[in-house]
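First comes the structure, then the notes that go with it.
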Amino acid sequence: MSTRLEATVETALGAFRVWQAGEAIIALTWGQGEKAGTPLLAEAARQLIAYGEGRLKTFDLPLAPRGPTFHQAVWREMLDIPYGKTRTYGELAQRLDGIARAVGTACGANPIPIIIPCHRVVAGGDSLGGFSGGQGVVDKRRLLVHEGALAEQFELFPASTRT
């Protein structure tokens, strides 16, 4: 197993920790950590900063997320969702001959959120669905607003779930 290196990146969207193993990015989380420097981590930082400033719409980094075969397939599908657009769990499930719940599980297991844009996968109807990064659905909504993808029908807590 190769050495894991990490760096903290301060962006307009908050602080992120990004990890590298070998010559690929393997993880991204919210928060602060080490400030190790490699050319790849510096490039990831540059791209994350540009994304946070609205200057970057597509990441171009070598990625090596680890996970089961179905998760890998879901993550590849997420990479094809354009900036500012969304797809539903059901739409991805249909493309992969899977079920929406399994797609949701794969989204929640995505080790490289934002770069692999799981925030662009939403529930059907008028719900955003879940989000495992940062502050959960609050950050999912914030990322979708940042990209201009959030339609008015998406609420944090749809009327059907309020008590």
What one should report as the nearest heavy-atom pair of L144 and R120 is CD2-CA, 4.1 Å
* Heavy-atom side-chain proximity of E10 to Q32 below 4.5 angstrom -> yes
Inset, instruction - Evaluate the ring planes of F59 and Y51, with Trp represented by its six-membered ring, and classify them as parallel (under 30°), tilted (30 to 60°) or perpendicular (over 60°). - result: tilted
May I ask you to test the R66-P111 pair for a side-chain heavy-atom distance under 4.5 Å?
no
Exercise for review: Could you walk me through whether T88 and E91 pass side chain to side chain contact (heavy atoms under 4.5 Å, CB included), step by step?
Suggested key: CA-CA 5 Å; T88 66; E91 288 171 329; 3.1 Å; yes
Under 3.5 Å: donor-acceptor pair, side chain of E147, backbone of P82: no
Side-chain donor-acceptor contacts of residues 16-25 below 3.5 Å, not counting sequence neighbours, with atom names and distances?
unit_1	atom_1	unit_2	atom_2	d
R17	NE	E6	OE2	2.8
R17	NH2	E6	OE1	3.1
R17	NH2	E6	OE2	2.8
W19	NE1	E6	OE1	3.4
Q20	OE1	T38	OG1	2.5
Q20	NE2	G22	O	2.8

Sorted by chain and number, sequence neighbours left out, salt bridge (charged side-chain N to carboxylate O under 4.0 Å, His left out) with E53 holds for R55
Smallest heavy-atom separation, I49 atom then V9 atom, equals CG1-CG1, 3.9 Å
Tightest non-hydrogen contact, residues A149 and T86, listed as CB-CG2, 4.2 Å
- Under 3.5 Å, is there a donor-acceptor pair between the side chain of W75 and the main chain of A106? yes
Point to revise | side chain to side chain contact (heavy atoms under 4.5 Å, CB included) evaluation trace for I81 with L79 | key: CA-CA 6 Å; I81 303 171; L79 287 168; over 6 Å; no
Nearest heavy-atom approach of G67 to Q72 is N-NE2, 3.3 Å
query = So do the side chains of L13 and W30 get within less than 4.5 Å of each other, counting heavy atoms only?
reply = no
Could you list the donor-acceptor pairs under 3.5 angstrom formed between side-chain atoms of residues 130-140 and any protein atom two or more places apart in sequence or on another chain?
unit_1	atom_1	unit_2	atom_2	d
S132	OG	G108	O	3.1
D139	OD1	R142	NE	3.1
D139	OD1	R142	NH2	2.9
D139	OD2	Q135	N	2.7
K140	NZ	Y89	OH	3.3
K140	NZ	V121	O	2.5
K140	NZ	L128	O	2.8
K140	NZ	G130	O	3.0

